[in-house]
2 protein chains.
Amino acid sequence: MKKITIGEAARQSGVKVPTVRYYESIGLLAAPNRSEGNQRSFEPADISRLAFIRHARELGFEIEAIRTLLTLQDDPNQSCASADAIAKARLIEVEQRIRSLMALKAELETMVEGCGHGRVDQCRVIEVLADHGQCRHSQH
Amino acid sequence: MKKITIGEAARQSGVKVPTVRYYESIGLLAAPNRSEGNQRSFEPADISRLAFIRHARELGFEIEAIRTLLTLQDDPNQSCASADAIAKARLIEVEQRIRSLMALKAELETMVEGCGHGRVDQCRVIEVLADHGQCRHSQH
DNA sequence: CTACATCCTCTAGCGACTAGAGGTGCAAGA
DNA sequence: TCTTGCACCTCTAGTCGCTAGAGGATGTAG
């Protein structure tokens, strides 16, 4: 088998080199074998695992959630109820966040539209920030 | 004038006590006068400033952006072009983030819907994570 | 053999707080 | 007056998920 360097693993998985080392350091990725000269030598499975992690991170899962998902993946006989629960929780978070951002968007639009491009004392941006009572949303 | 303690200031502005001290430490809020016993004594203007900061933070502005907005507020003769630019930049960020989260939402929904609630080896949650090729969005 | 890219470990830094230790100030009840 | 107990003080260190940099070793191409 040809040796996969950390740089190769990084390129193939889309995870940066220092981040690969970081994932190893926190135990998300098993420590790989080393070459004569102490350089890491990865297996193809490590690249899949890194890609899995990367994808999950892109979806906004926290490291601890990913750790759980990975242990589930490692043991395919387990019930997928936990995986389902984690994904559902994340979905709810994302929906919340979208709602919240929509409210922010509306408020920012009011600010930007209301800006007369004159001096600060007539500026709606500053004004709205100074007085929360002027906006329609109250919790985020 | 009655003295406003840090606790009072926190309650009235909605900023937590340690956070008020933090804002002072990074120069976002001027260091207030102290009582005989070295306790901070705030002015009503400080509370407005804290409320301004809090509202801006809720809108997702970074501390450095808020610092700029505050200097603009402090000098009302300035043009509000900078304030406008900051708000516009933030609006674009928010719109980006919403689009990105919508894509995530769609992907998470596919995962959750596809979960057969059986064993992990048939679980769509794990499967989708393991193989990015299965999903329709490619950049976030 | 010599460049030069890539690798190694280690420590420190980022943003925006938050938590905790260890101590002081202050107002109200006994 | 004393004491209880909360609120305040400073300082350091921790959070999350990396990222940057120092200072050195290894590996490969010409």
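Convention: sequence-line order gives letters A, B, ...; per-chain numbering from 1. What you see is a predicted model, and the numbers here were worked out from it, not measured in a lab.
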_Heavy-atom pair of closest approach, residues B:S13 and B:A51_ = CB-N, 4.0 Å
_Gap between atoms CD and C1', on B:E36 and C:dT24 respectively (whole Å)_ = 14 Å
*Which pair of non-hydrogen atoms, one from A:A87 and one from B:L108, has the smallest distance, and what is that distance?*
O-CD2, 4.2 Å
*Apply the side-chain contact (heavy atoms from CB on, under 4.5 Å) test between B:V20 and each candidate in B:I47, B:L28, B:L29; give the one that qualifies.*
B:L29
*Ion pair check, A:K105 and A:E109, cut-off under 4.0 Å*: yes
*Rounded off to whole Å, could you give me the CD-to-C1' distance for the B:E58 and C:dC17 pair?*
15 Å
_Contact state string [nucleotides 1-23 of chain D, B base, S sugar-phosphate only, - no protein heavy atom under 4.0 Å]_ = -------SSB------BBS----
_Rounded to whole Å, please give me the gap between CD1 in B:I66 and C1' in C:dG15._
12 Å
*asked:* Check this for me: does any side-chain nitrogen of one of B:E24 and B:R21 sit under 4.0 Å from a carboxylate oxygen of the other?
replied: no
